[in-house]
Each structure stands twice: as C-alpha cells, then as structure tokens.
Amino acid sequence: MTTTAPDPALSYYTLGEEIHDTKAPGGPIEKKWPTRQFEAKLVNPANRRKLTVIIVGTGLAGGAAAASLGEAGYHVINFCYQDSPRRAHSIAAQGGINAAKNYKNDNDSVQRLFYDTVKGGDYRARETNVYRLAEVSASIIDQCVAQGVPFAREYGGLLDTRSFGGVQVQRTFYARGQTGQQLLIGAYQALERQVNAGTVEMHTRHEMVELIVHDGRARGVVTRDMVTGAVEAWLADAVVLATGGYGNVFFLSTNAMGCNVTATWRAHRKGAYFGNPCFTQIHPTCIPVHGDTQSKLTLMSESLRNDGRIWVPKRAEDAEKDPRQIPEQDRDYYLERIYPAFGNLVPRDIASRQAKNMCDEGRGVGPEVTEVTQEGESRQRRRGVYLDFSDAIDRLGKKAVEAKYGNLFDMYEQITGENPYEVPMRIYPAVHYTMGGLWVDYDLSSSIPGLYVCGEANFSDHGANRLGASALMQGLADGYFVLPNTINDYLSGAPFEKLDERTPAVAEALSSATGRIDKLMGIKGNRSVDSFHKELGSIMWEYCGMERTEAGLQKAIELIRELRSEYWSNVKVTGAAEDFNQALEKAGRVADFMELAELMCIDALHRRESCGGHFRRESQTEDGEALRDDEHFAYVAAWEFTGDGQKPTLHKEPLEYHFIELKQRSYK
Amino acid sequence: MPVATTSATPSLSVHQRALRSNVVKKAIMAVTGLVLITFLLFHMFGNLKMFVDAEAYNHYASWLHDDILYPILPHGWFIWIFRVVLLACLVGHVYCAASLWRAARHARSSKYVHAAHRPEQTYAARTMRVGGVILLLLVIFHLLMFTTRSVQIGFDSASTPYEMMIGAFSLENWWVVLIYAIFVGVVCMHVRHGFWSAFTTLGANVGPNARIALNCLAYFVAVLLFVGFMLPPVAIMFGMVN
Amino acid sequence: MKITLRIWRQANKDAQGKMQTYQLDNVSEEMSFLEMLDLLNEQLTDQDVEPVAFDHDCREGICGMCGVVINGAPHGRYNSPVATTTCQLHMRNFKDGDVIDIEPWRAGAFPVIKDLAVDRSAFDRIIQAGGYISVNTGSAPDAHSTPAPKREADKAFDAATCIGCGACVAACPNSSGMLFTSAKIAHLANLPQGQPERRLRVKAMVAAHDENGFGGCTNVGECAAVCPKSIPLESIGQLNRDLIASLFRGDGRTIS
C-alpha cells in the first residue's frame, strides 16, 4: 500500500504537537536507570507518612506498588472492585514470568531479554523502558522467592525454568500452570502485611468512577461503593492507576468479567493521553466459542505449543470428519509448513493470524457458523483448528504428557466435555491482552502531573505485541521497583494545597459521577446492558480484530456511534443506584467501552501499516506477513481527549532506536 | 510481625489469644478423650476377668478399690486419686465441648434451605454432640447402679461385684442388657470419631496414609470396646456364666 | 433443556430472605452454570425484575470470587464429576426438567450482602494477622541463596493453590475456616523463607480465625471434599502441630 494516498483517517482526528519522554536521562542505556534513580528527588522518611497516595487496582502492579509504598512509609489508599485484593485478574496468568537470570547458562542476559522484547513487540516499544524492564527482572524473582512464592524447583532445590514462545533461551520461571496466582498471592500477602501495619488503607468493592484534577495535578478519585452505592471523593497527593487492560471492549475475551476501562478512560477524559489504543493481543490458543450465550473465553497456556502440533485438514470437505480418521497426508501442519524455524512456537500474533487464515479459507473445524464478512457477504465458516497431542503421547507416553499438562487437559475437558488425550483439542484465537494503555513517560507518569500508571494499564513496554510470560514481569517491575523509585521525584514537591469537597474540582468530579449514574438509571429503555455490550463486541471483533481494513474501520466507527446513541436512549438498568447493583456497574463500564471503541478504531485506521497484533490488510508482504512502515509509523500514537463529539488530537512520540537496529521481523 | 487489627481482646498478647483458641480447646478434648479411652480399654479388660471365675473377678474388684499402689499409698487412696483424675478429664472434655458447640452454633448462623449434602461426615461424627449428652446421662446411670449402688436391679447392697453383674444382666432383666448395649453402642460411636479426631487434632494426620491408618485404628478400638464390653452381659443373659 | 431454579433472594444484609422459583427454558448443555444464571438475569431484566446478584469474576476457576451452594453442596460439588468452582461447573451435568436449589454461603462470618453475594473480608483479616513473610521490597537475597527441598516445596505449592473462595466454610457443619487458615500455614511452613516467623504466625492467624467468628474444626473433612483446589485435610494437621508446638516455645516477641 502507499502512504501517499489520501488518508481518510484525517477526517476523524486532528494532529497535535509531537511529544517526547523527558525523564529518561542521557548516556549509555545501561546507565540510564541508575542515573535516574540517583537524580530523582527524595522524600524524607519522616515526611512520607504525611503524604497520601491513592492506588487503584490490586493486581501485580497495583498490589506490589501499594505494598512497596506502604513499606516506604507513605499513607496509601488502595481500591479494588472485587471483594478482596487477592482476586485481581493477574491471578489467571498461567505460564510463567521471564527474568534475565541466566541460571541455565544459555547466554541469557539483560541485553538479550531487552532485544527479544523489543523485537517481539515489532519495534513499537520505547527502548529505554524496555531496557529497564529487563534490568529489574532478576530482582523480581529474588523478591518473590523471599516472599514465599513456591516456584517450580529441581530436585536439588534450585529454581527450574522453561522456554516460551518467540525466544531461544530458557528464562521463564513458573509455578505449575498457576504462576500468576502464586505471584499475586505473594503481592497480596505483602499488601495485607501493610494493611495490618496501618500504612495501607484497603477499600474493596469500590470502583473508581472519576479522576479529580485540580490545578493541573491529579489529586484524587471519586469512587462508587458497590455495596451501598455511595459516591465518595478521596483526596491525595498522587494517584496511581493499575487497573489492567481493556480487552473486554470485545465482550468475549480471556479477561475477567469485571475487567474494564473506566478508570483509565475517566483519566483520559480528564487529560491523560491514551497510547496506541489499537494494539491488542489476540492469543492463539483459546477454547473456541460455543454459542451466543457464552460469557467469556478460556485460555489454554502457550506452553501447550511446546508439545502440541497445530493443524487443519488439507481439504475443506474433511472438516466434518472425526479428526482421528483423517490420515497424516491429508493434514496441514500449517505453522510447521510456513515457519520451519520456529514451527508451532511462533509469536502469538503470527499464530493467531494464521489460524484465522486457515478458517477463512474454509478449512476450519468444529461447528459451522454463519458470519457476515467486512464486505457484507454472508458465509458459512468453522472457527477452530486442532491442537494435537497424539505425537507427544506416542513419543513421551500418556503419563509424561499428563504430568506436564494434566491440569490444562482437565480444564479443557471440564469446559468442552471432550477428552483431549483421545481427540485433538479444538482451539481458536481470542482477545487476551492490550498493549495499548495510558501514555506514560520513563517515570510511569501520565501526561497529567501526579497521575502514574502501572502494569497493563499503561502502554509502555510491549510495543505492538507482547511476548509470553512478559506481562507478569512488567506488572511486578512497575509495582515493586520502578514506581517506588520514581514517584518520590514528584512527591518531593508535596504536600500540595489542601482540598475538600467544596473545592470546585472535587465538587465537579462528584457531580459528574453522580450525574452519569442518574442519567443511566433514568433512561429506563428496553435493552439490557449485556445486549449492547455483545453488539459492541461483535463490531470490534469483526472490524478491529485480527484483520483490519480501511473501509471496515470506517464502517465500525459509524456502527459504534449509532450504537452509542441508542445506548444513551434505550438502555435498561434495573434496580436502584444506592444499592448493590451489578446492572448499574456494567452500564457504567459499557458506556466507557463505547467511547474507547471509537478511539481504538480511529487509531487502527490512522496506523496504515501492519505491526505485531495490528494487521492492516492493505499492508502485507507478498506472502501475507505483517509489513511495517518504519518511515511513517515508528512512533507512539498518544491521543488526547478534546471533548464529547470532538475529534481527538493525535500527539506523536517518535520512537528512536539507538541500541537496537530496526529490522523486519522474521520467524521463518 | 504485628497482630490482627480485629482482635476482640486487644489487651491480650498473641500468645494469650492463641491459648484461648478453639484449637487449644480441641487439644484439651483430645488429650482428655484419649485418657478416657485408655480408661475404657482397661475397664473392658478388667470386666473380662469374670470369665475366669467369681473369685478372680471379686479379687480384681477389691484390688482396684483398696490395693493399687499399696504400700506407696495407703489402702484405698489410689481409687480416689484415679476418680479425681477421671472426673477432671470428664469436666475438661465436657466444658470444651460445650464451648466449641456454642462457637459452632454462633458461627453457623442459619441453616441451608436445601439440606446440606455432607457425605464425608460419618453418622458417628454427626452425632458426637448429641451422643455426648446421651453418654453423660448413661454414665451417671451406670455409676448410680454399679458404683454407688443407688439403683439396685437384680442385686442388693450385700452382693459381691460378681453377683451384682450376674444379677443385673440376668435374662429376666433383659431390658438392662438392652440399655447397656445402647450405652456401649453410643460409647463406641463416640470413640470411633473421637479417636480419629483426637489424633488429628494433635497433629497426627500427616498425609493420606496416616488418615487411613488413624481411621482404621479408630474403627478397631471402637469395635474392640463394643465386643469386650458386650461379651460379659450377653454371656450372662444366655446363661453361659453363672 | 428446561430447568426450574429455586434461588435465595435477600434484598440486603438485614433483610429477611427467601427462596424464589424461576423457570428457565433454552438452557444448553455447553453453558457454564454462571452463563445459565446470566441467561436468567437477561430474562428477569426483560420482565423488569431485578436480576439475581451473585459474585463472579475470572470465570476460569482461579480468582475465587464465585461460589454458591447448589443443591446443598458448595460449588455444586456433587453435581460435578471432579472438584470444581461454580464457574467451571457446566450445565451438561444437569438434566432436562431438573430443579436446582441455589443458596449463598451460609456462615456467621460471611454475612449475605445481597441474594447470593456474601462478604468474605474475614478471610483477608486472617491473612492480615500473619499470613505473609515479612520482607520489604528490595531487601531480598538472590533467589538461589537458599535452596528449598523439592518435596517440601511441592507441599507448599499444593497448599498455596487455595483460592480463598470460602467453600470450606460453607460446607463445614461448624462454619470453620480451618482449611483456609491451615492452607496458608502449610504453604509458608514448608518453605525455608517461612521459618523465622513460623511460631508467631500460627498463633496470630489461629487467634484471628476465632475472633472473626469462625467455628472450631471437628475433623469431619467436608471442607477438603468440596475444595475446588483439593487442599488436603492434612494441612489442618500441620496447623494443629505447629500451634501446639508454638505454645510451648517463646515466639521471640515481647509485646503484642
């Protein structure tokens, strides 16, 4: 495609000034973080308890940050929407956590982890942040072991590691298939220790519904108590958002049901830039959708691709056959065929797209569904590919396969009712992670002073595609090691002016929050919140999913706008505002998803290249691979909110690669 | 490491609060219960003396009353020390049981509308508390009959211990045997769960094998007690001993 | 499938609750139990009836947020062939025409918030009392400085898989939280890093357990039988051993 053609996206946004990260110091990359730590201003320990920090979210990033800042002596107020901080969705991560420990003596190093992450992200991440991530990765493992995280061990008592997709070393530490759970419980325990010590004030079943910005600084949040419905303002010297990703904009995803964009979106509306919203990760190995009453999708760990082989029938006619009856010569192990070097272990974006291609060709397996293409044609397709362990079972024996993957096989059988030891698993890609998020600088500060963003909620480290086992690493790096060493630079200027509920900024935030709730309750329309959410999800999946086109994205924006206006006139929220009201909770979240969805489509429309998880049909190589356009798009798209119904403003942060050479990714 | 923020009795140290915990009460129940089970085993063994002959049995009874540990202790002292220890065990056991029962009633605020499905709970376990109360009443009856002789069925104040037994369990007093059988049955059910539970409370349940072993042992002790205690009355009733 | 549901409806903590009957058609076998409840809630919304409140989040059996008593068993354990959370129970385990009773966890320590949602913050308070290792961020030695024997590390892991759902309390005739408490004790007691605070930890957690209104354990084993993560009953044995041993030794702390 040619970038010189008139860009229809231009009618959807205005171009603002370039922005830059001003916090990363100069000098060689390995000196940047120590230098920054040295240069950052400090807060005297005796003064810390006089300063209040609000942290929203209790996952790996939020929980770790709350515990660490509590230990440091700040007064921390921590919120989560669940009934306990231990339930944050970090808990569902299965595979493992990367760290450049080089315990396996296999040439691993900070430099290599840095390189793998930048390359895996298809060169759309900021170098300085990624290098620091690799640098602190080793300390994460030390910290977690000391907390009592029961990582897998070898018989000698030392830690075991395994390999993961997209890399050639064994640097992934794991705790069976429940690494996220164990790491989160570690952070949760550290957090509860601080709750007991009185440094952290924990508020569960509280959802942030507005950000308070006074005098250009983030000074607090407004929450809704999900039990009583009370809307309250909380004031602080700084606010940290660690509220996770927004994959639920697609309705069906591997996210928890409650995951939402409200906290970050409210902050965006108050001035925080949103970075690369269209970068979403579609995970290749999930259990396929079973029907239209499905509420969520379940991931099958990437580790399964170590021993499982992915295939579809060579001929569409075979799709209905029992897979065990399809002879070897009639099977197409397409990943092994197309990518002989990496085979079934290509990065996630590639594995997902190829699964989609196979099904588009009509060679998918599983039940047939009627679908409408972006061009409006109706067609019959099967959405599934086989993940087959029969080779592994023949080679290693059923016992060995059971020992490695038993819990995942059981989970699969429980959900689908099929025995994967006998019949190949059926899998299909599903929305899993969002690389995009609020724009932050090297200090994890957003574009609003005093508003910090950690973990999946920020955009920073994964570029256009995240490698497996890196999300846990980033969440904990931000929470334990980065934020506690950067936020002090800002807090050294505190305490700030004292505010109360009469301060105009606080009163405005409170009334905007209650006004929105009243508005949602007052519509009393005919359609349930879920029906809107499902419709939004199907628009996004169709037009802003694994393959995006200019025409499709424009159509999606129109559809979203129509849906949004129907939403505000026809949604039905039952119950009362001042009560435990799950319909109201969902209604607020879906309203924000509707706004975000439009921005995602605009971002996807304006980025006229393919990179990582963002695949534009118009920008591909001859053999169908993603084709980057470094000349025009080597930047972070940071979007500024300009008002309801107004075009957002795009600020470009150019990505400069001083330490890694920009190359077209190849896994062949 | 600071203590719970929710302490109901903040003036106490962690150690003191732990000492007042349900686990400690259960440990007391476990130790006292095991003492009582040990007593039962000896009691049962002594009863079987009656199969030797009347003289042996009567001699055993008078030894129990007067001669144990003589001459370290004067005649008849041991039995009182022994009774005090047993009574203390019983009081401790019952007190802790009542306290735990109260805690459980408080903890289980309301019942399920659909009856709770609890397949793991044996009948013995489910009836520990009710069984314990029945047991207490029957123990009192047992003592009134054979220790204080306040209730005399088939014997009088002048009867020897042997005659007392033959008289009480004779065929014409079949209902005494029946009550006794119920008594022993309740004892054995209580022992069945109590034995396993006592060892578990004291930490002996170290794994699935230990769990099986302790449960088997509990059944063995319970059955042994039932058979051992029921042999004399049944033999007397059917005239095999006279 | 057509299903009859009898569900506990309770407006708030202080209100009187009662079972309410609903008919649900078009239930498919592939649905999870919670998706079936979603379907009911869509139907109720259509009829302008307030939907049934129930807690849930990850829907993949790991966050521990969901949990209702189904036909008298937490997480519908006896409707499922394997240990399960409510979200992982599927409708293929039920038959057309079934009547299903759904109730909240019932325990004094878990007051009902609304319908099927209960307040489990007592669990957090037990952890706050000592369910952690005191190590400040940044002060950890190298991960390999203390090898951990594999057997104990595996035991620690088995106990650490507890998801804090509260099914153990719901199943227990005494509403005891011993399985939950002992899972954390067993997790940390089996790791070298957990040793320094071991004695004070068990005392503080056991005290907090009782003070939060849970009953005592009578070793019947209902808890372990319904536990979605199969936390072994031996964990309670470990807690008992550790507590009794700790009472005979100082904990190295002079003030509470």
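Letters A, B, ... are given to chains in the order of the sequence lines, protein chains preceding strands, and every chain is numbered from 1.
- Between Arg241(C) and Leu202(B), the closest heavy-atom pair is CG-O, 4.2 Å.
- Of the listed residues (Gly108(C), Ser176(C), Ala122(C), Ser246(C)), the greatest number of heavy-atom pairs within a distance under 4.5 Å of chain B belongs to Gly108(C).
- Of all non-hydrogen atoms in His193(B) and Val220(C), the two that sit nearest each other are CE1-CG1, 4.0 Å.
- Shown are Thr218(C), Asn219(C), Asn240(C); of these, the side chain to side chain donor-acceptor pair (under 3.5 Å) with Thr201(B) is made only by Asn219(C).
- For chain C, the option among Tyr112(B), Phe199(B), Trp101(B) with the highest count of heavy-atom pairs below 4.5 Å is Tyr112(B).
- Of the residues considered (Ala107(C), Gly213(C), Ala73(C)), Ala107(C) shows the highest number of contacts with chain B, using heavy-atom pairs under 4.5 Å.
- Salt bridge status for Arg17(B) with Glu211(C): present, with a side-chain N to carboxylate O gap under 4.0 Å.
- For Asn22(B) against Gly216(C), the heavy-atom pair with the smallest separation is ND2-N, 3.6 Å.
- Atom CD of Glu120(B) sits about 12.5 Å away from atom SG of Cys172(C), to the nearest 0.5 Å.
- In the displayed structure, Lys49(B) atom NZ is contacted under 6.0 Å by at most 12 heavy atoms of other residues, nucleotides or ligands.
- Proximity to chain C is limited to the side chain of Ala27(B), based on heavy atoms less than 4.5 angstrom apart.
- Within a 6.0 Å radius of CZ in Phe45(B), other residues, nucleotides and ligands contribute 12 heavy atoms or fewer.
- When all heavy atoms of Asn174(C) and Ala104(B) are compared, the closest pair comes out as OD1-CB, 3.5 Å.
- Here the straight-line distance linking atom CG of Asn205(B) with atom CD of Gln238(C) works out to 11.0 Å at 0.5 Å rounding.
- Ranked by heavy-atom pairs shorter than 4.5 Å toward chain C, the options Ala204(B), Ser21(B), Ala125(B), Ala210(B) are led by Ser21(B).
- Atom CD of Glu222(C) is separated from atom NE2 of His117(B) by 8.5 Å, given to the nearest 0.5 angstrom.
- A distance of 9.5 Å separates CD1 of Ile236(C) from NZ of Lys26(B), quoted to the nearest 0.5 Å.
- Under a cut-off of 6.0 angstrom, the local environment of CZ in Phe146(B) is crowded, with over 12 non-hydrogen atoms contributed by other residues, nucleotides or ligands.
- Between chain B and the options Pro104(C), Gly177(C), Cys217(C), Pro111(C), heavy-atom pairs under 4.5 Å are most frequent for Cys217(C).
- Between chain B and the residues Gly215(C), Ser235(C), Pro173(C), the largest count of heavy-atom pairs under 4.5 Å involves Pro173(C).
- No other option in Thr200(B), Thr122(B), Leu100(B) has as many heavy-atom pairs under 4.5 Å with chain C as Thr200(B).
- Only the backbone of Phe214(C) has a heavy atom closer than 4.5 Å to any heavy atom of chain B.
- The environment of CZ in Arg126(B) is crowded: more than 12 heavy-atom neighbours from other residues, nucleotides or ligands sit within 6.0 Å.
- At a 4.5 Å heavy-atom cutoff, the contact between Trp196(B) and chain C is made by side-chain atoms alone.
- The greatest number of non-hydrogen atom pairs below 4.5 Å with chain B, out of Ala225(C), Ala170(C), Gly237(C), Ser175(C), is found for Ser175(C).
- Proximity to chain C is absent for every atom of Lys25(B), based on heavy atoms less than 4.5 angstrom apart.
- Contact annotation for Arg118(B): both backbone and side-chain heavy atoms come within less than 4.5 Å of a heavy atom of chain C.
- When the candidates Ala116(B), Ala18(B), Ser110(B), Gly203(B) are compared by the number of heavy-atom contacts under 4.5 Å with chain C, Gly203(B) comes out ahead.
- For Val169(C), the part lying near chain B is the backbone, with the side chain staying farther off; criterion is any non-hydrogen pair under 4.5 Å.
- Of the possible donor and acceptor atoms, one in the side chain of Arg108(B) sits under 3.5 Å from a partner among the backbone N and O of Arg106(C).
- Within the model, atoms CD of Gln16(B) and CG of Leu247(C) stand 12.0 Å from one another, a figure rounded to the nearest 0.5 Å.
- For Met205(C), no part lies near chain B; criterion is any non-hydrogen pair under 4.5 Å.
- No other option in Pro208(B), Ala103(B), Ala107(B) has as many heavy-atom pairs under 4.5 Å with chain C as Ala107(B).
- Annotation: side chain of Met178(C) is in contact with side chain of Val23(B) (closest heavy-atom distance under 4.5 Å).
- Atom CE of residue Met19(C) and atom NE2 of residue His114(B) lie 8.5 Å apart, to the nearest 0.5 angstrom.
- The most heavy-atom pairs under 4.5 Å with chain C, out of His106(B), Arg105(B), Lys111(B), Met29(B), come from Lys111(B).
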